[in-house]
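Chain letters run A, B, ... following the sequence lines, proteins first, then strands; residues in each count from 1.
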Amino acid sequence: MENHIKALILEHATTLFGQEIDEQLIQFQVTRKDVEGDLTLVVFPFVKLLRCTPLEAGQKIGDFIEQHVSDVEKCIVVNGFLNIVFSNNYWLTQLNEVYQTASYGFAPKGSRPTIMVEYSSPNTNKPLHLGHLRNNFLGYSVAEILKADGHEVIKTQVINDRGIHICKSMLAWEKFSPLNEKGERETPQNTGLKGDKLVGKYYVEFDKNLQKEAKELISAWETGDFSSCSNEVKTAFTNFQTAKIDKDEKAIQGIDDKIKELAKNNTSILLEAKEMLVKWEARDPQVYLLWTTMNSWVYDGFESTYTKMGVDFDKLYFESETYLLGKDQVIQGIADGVFFQKPDGSVWIDLTADGLDEKLVLRSDGTAVYMTQDIGTAIDRFHDFPSLNGMVYTVGNEQDYHFKVLFLILKKLGYAWAENCFHLSYGMVDLPTGKMKSREGTVVDADDLMDEVIEKAEEMTKERGHIESLSPEERTALFEQIGLGGLKYYLLKVDPKKRMMFNPEESIDLTGNTGPFIQYAHARISTLLERAGQIDLSEIQTADLIHEEKEIIKLLTQFPQTIHEAASGYSPAIVANYIYDLVKNYNHFYQAVKILSEENTANKNLRLALSECVRRAIQQSLMVLGVQAPMKM
RNA sequence: AGCCCUGUAGUUCAACGGAUAGAAUAAGCGUUUCCUAAACGCUCGAUCCAGGUUCGAUUCCUGGCAGGGCUACCA
């Protein structure tokens, strides 16, 4: 309708305004709730053209639209806005169309290009936490929204299964794990601990011992004992000590931190870990076996967490397999003049002309850095999937700079698809007590949090739910749907790029702008429709249309546009806000009218059809948010 | 120090440059002989500061102020 009127105005521009006009001048918007109208045309842009008051301009255009568009009942000019009122017949036809279209709002599969969405990408030495939940829910939802908008989507993640951090866990496990009566070290099997938690425990264990050893080392140095280290270290330490003289407290603090760093780097335990990494890179059989074993524990642990989260992946990339990629590209890039080599052999890119710094892409010893790997992996992915058109990286905003550089490098290397790479940068999740810090033990574990919200959902549902007819299995499933639904909705309703506050209390709330609020509406409509039986729309055009109904139809017709906007903006929050608004309107309507007991059959069927359309919109919206829509609750 | 992001009711979140800045929550009041009250209605309450661009600025620009992040031959 909007496009129809726009085309009409453009076509008759000369008669209306005495000249051709720019399409940009025709600005439509949704009419405010508190004024009459279904679509609003902003009149201001035309005032200059017509040399008259906004009121006169509005009336002139309004008269024109009334005459030329049969579905327009009337036009009202208010404060420079032309509010167009559509006929009831128009809205009834719209409803009929929404009702007849099975997945109204979703674009045909494959109607848009293929996109790869990367998310999750955890380290294998730390269990998943609250931040990962936002990442996973966000990445999964964006992937689903892109699908709904017609894209082919490949969901992926990079598993950081390589590097010094893995060796730390491995070493700590070898050194500190107690032996049981059978002489075995701790395993998930003999402890019953989740694999990722067990490995995480030893990572922490490593850090503890590292700190302890570093502290001892510093005390030794302070007493002049340098027996365990080289002369360079001795000199460095002495220099730091002299530097502290006559400095203020803050400066001393800074120097102390450097001393601590120096000590850490000289601990035997870290040296051992580094040796282990060297062995790993040389494929030492013993180290490799240990690595494989411990990683498999982690994967099992992650797998169960992902299952509970309800997320999945089409293709996995392992850092151990990709970390060597990219070196060839860098070497080729030197020849092409994209990169340059410093005298020490290290390779850099100069981005100062683009307002950025110089950035290292290959170390002087020829080994790869993170950036090298990312370059290689990106190129590799486009080889793996020839139909691939673009990529979305779901990674926290602390890496904004990294991705800016990465995309720029890819572009300079001559890859046209670099334009279609997008860093879905999301803000940190804060707790009411402040930032999550692993050292202070304030990290909210993903598994624990999910269990907690499910438990809370169970408690609340038993108190007020309608679950008499459900089997024990169905009940368990329902508690999970509600608990996780609430959690996901809570994390997704906020604009991804914004830092957000996570209040554990509120995340499991059931009232207000929450997941269960939406789910409840779905359950309520579901039982209503179950009782209603067949819906008959044959007499629909004779039905009356009240204000509430019209508002809902209006919202329903905005669903396709909403999905598209959410997809182009990579924002599940747009879907969440939309569906909340729709449900609020529906609840208001539900409270205001009778449905099943309505005597006029045309009206009754209209309301049933409306309810069905709303139910579907809820179900589809929740689906792309990764939230289940219960039939009863 | 430089660069990037964010500042909206007490609190958590909304608002393609558009009309009287919406919700939720908290506080108070009200709605069940009727389809699920996990609902609905009413009351109270906000754009960090100073300039600028515009018919019109929470939104864009400049300068402050506040909070966070990034500035590793770590990953």
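- Within the model, atoms CE of A/Met170 and CG of A/Leu277 stand 9.0 Å from one another, a figure rounded to the nearest 0.5 Å.
- Within 4.0 Å (heavy atoms only), A/Ala532 reaches no atom of the nucleic acid at all.
- Among the protein residues, A/Val593 comes within range of the nucleic acid bases, having at least one heavy atom under 4.0 Å from a base atom.
- Contact annotation: A/Lys404 does not reach the phosphate of B/C70 (side-chain N/O to OP1 or OP2, under 4.0 Å).
- Rounded to whole Å, the distance from NE2 on A/His466 to C1' on B/U36 is 4 Å.
- Rounded to an integer number of Å, the gap from CG of A/Asp374 to P of B/C74 is 16 Å.
- For the atom pair CG of A/Leu470 and CZ of A/Arg475, the computed distance is 6.0 Å after rounding to the nearest 0.5 Å.
- A cation-pi arrangement, defined by a distance under 6.0 Å to the six-membered ring centre and an angle within 45 degrees of its axis, is present between A/Lys342 and A/Trp348.
- Protein atom OH of A/Tyr401 is 9 Å distant from nucleotide atom P of B/A72, rounded to whole Å.
- Using a 4.0 Å heavy-atom distance criterion, A/Thr511 is classed as a sugar-phosphate-only contact.
- By the criterion of a centre-to-centre distance under 5.5 Å and near-parallel planes under 30°, the ring of A/Phe44 forms no stack with the base of B/G56.
- The distance between atom CD of A/Glu506 and atom C1' of B/G10, rounded to the nearest whole Å, is 13 Å.
- Residue A/Arg499 places no side-chain N or O under 4.0 Å from the OP1 or OP2 atom of B/G7.
- The ring of A/Tyr370 has its center closer than 6.0 angstrom to the ring center of A/His402.
- The shortest distance between the side-chain N/O atoms of A/Arg524 and the OP1/OP2 oxygens of B/A37 is below 4.0 Å.
- Rounded to a whole angstrom, the distance from the C1' atom of B/A24 to that of B/A38 is 15 Å.
- A/Leu528 has its CG atom 11 Å from the P atom of B/A37, to the nearest Å.
- Using a 4.0 Å heavy-atom cutoff across all strands shown, A/Arg32 reaches at least one base atom of the nucleic acid.
- For the C1' atoms, the distance linking B/G22 with B/U59 amounts to 15 Å, nearest Å.
- One side chain, A/Asn83 or A/Thr40, offers a donor N or O that lies under 3.5 Å from an acceptor on the other.
- Of the candidate nucleotides B/A39, B/A19, B/C13, B/A39 has the atom nearest to the side chain of A/Phe517.
- Atom CZ in A/Phe28 sits about 18 Å away from atom C1' in B/G17, given to the nearest Å.
- At a threshold of 4.0 angstrom between heavy atoms, the contacts of A/His165 are confined to the sugar-phosphate backbone, with no base atom among them.
- Residue-level contact check: A/Met633 touches the bases, meaning some heavy atom is under 4.0 Å from a base atom.
- Using the six-membered ring where Trp is involved, A/Phe559 and A/Tyr578 have ring planes that are parallel, under 30° apart on the 30 and 60° scheme.
- In this model, the phosphate group of B/G7 is approached by a side-chain N or O of A/Lys498 to a distance below 4.0 Å at OP1 or OP2.
- Contact annotation for A/Asp495: backbone-only contact, meaning every heavy-atom pair under 4.0 Å involves sugar-phosphate atoms and none involves a base.
- Around the CD atom of A/Glu455, the shell of radius 6.0 Å holds no more than 12 heavy atoms that belong to other residues, nucleotides or ligands.
- Rounded to whole Å, atom C1' of B/C55 lies 12 Å from atom CD of A/Gln27.
- Nucleic acid contact for A/Val42: base, since at least one base atom lies under 4.0 Å from a heavy atom of the residue.
- In this structure, A/Lys632 reaches the bases: a heavy-atom distance under 4.0 Å links it to at least one base atom across the strands shown.
- A/Phe81 qualifies as a stacking partner of the B/A19 base, centre to centre under 5.5 Å and near-parallel within 30°.
- Nucleotides B/A66 and B/A50 place their C1' atoms 15 Å apart, quoted to the nearest Å.
- B/U32 shows a glycosidic angle within 90° of 0 and is accordingly assigned syn.
- Residue A/Met371 is out of contact with every strand shown, counting any heavy-atom pair closer than 4.0 Å.
- Using C1' as the reference atom, B/U8 and B/A15 are 10 Å apart when rounded to the nearest Å.
- Heavy-atom nearest nucleotides on RNA chain B were determined for A/Ala592 and for A/Ile164, and the one closer to the 5' end corresponds to A/Ala592.
- Contact check, A/Tyr370 against B/A75: no side-chain N or O comes under 4.0 Å of OP1 or OP2.
- Side-chain atoms of A/Thr124 do not come within 3.5 Å of backbone N or O of A/Asp161 as any donor-acceptor pair.
- Aromatic rings of A/Tyr580 and A/Tyr489 (six-membered ring for Trp) have centroids beyond the 6.0 Å cut-off, not under it.
- Counting any heavy atom pair closer than 4.0 Å across all strands shown, A/Asp357 reaches sugar-phosphate atoms only and no base atom.
- Among the protein residues, A/Tyr590 comes within range of the nucleic acid bases, having at least one heavy atom under 4.0 Å from a base atom.
- Secondary-structure annotation of RNA chain B gives the stems B:1-7 with B:65-71, B:10-13 with B:22-25, B:27-31 with B:39-43, B:48-52 with B:60-64, with a stem taken as at least 3 successive Watson-Crick or G-U pairs whose two distances both fall under 3.5 Å.
- B/G56 and B/G18 have their P atoms separated by 14 Å, with the value rounded to a whole Å.
- Distance OH (A/Tyr520) to C1' (B/C35): 11 Å, rounded to an integer number of Å.
- Residue whose closest nucleotide on RNA chain B sits further toward the 5' end, between A/Glu319 and A/Asp400: A/Asp400.
- For the P atoms, the distance from B/C61 to B/A57 is 16 Å, rounded to whole Å.
- A/Asn83 comes within 4.0 angstrom of a base, heavy atoms only.
- A salt bridge links A/Glu281 with A/Arg162: at least one charged nitrogen is closer than 4.0 Å to a carboxylate oxygen.
- Close to B/U12, at under 4.0 Å from its OP1 or OP2, lies no side-chain N or O of A/Asn503.
- Using a 4.0 Å cut-off, some side-chain N or O of A/Arg363 falls inside it from OP1 or OP2 of B/A75.
- On the C1' atoms, B/A39 is 13 Å away from B/C35, given to the nearest whole Å.
- Listed pair A/Lys48 / B/C55 meets the phosphate criterion, a side-chain N or O lying under 4.0 Å from OP1 or OP2.
- A distance of 6.0 Å or more separates the ring centres of A/Tyr393 and A/Phe422.
- With distances taken from any side-chain atom of A/Tyr580 to the nucleotides B/A37, B/C40, B/A23, the minimum falls on B/A23.
- Here A/Thr461 does not reach the OP1 or OP2 of B/A38: none of its side-chain N or O atoms lies under 4.0 Å away.
- Using a 4.0 Å heavy-atom distance criterion, A/Gly80 is classed as making no nucleic acid contact.
- Donor-acceptor pairing under 3.5 Å, judged by distance alone, is present between the side chain of A/Thr40 and the base of B/A19.
- Checked against a 6.0 Å centroid threshold, the rings of A/Tyr520 and A/Phe517 do not count as neighbours.
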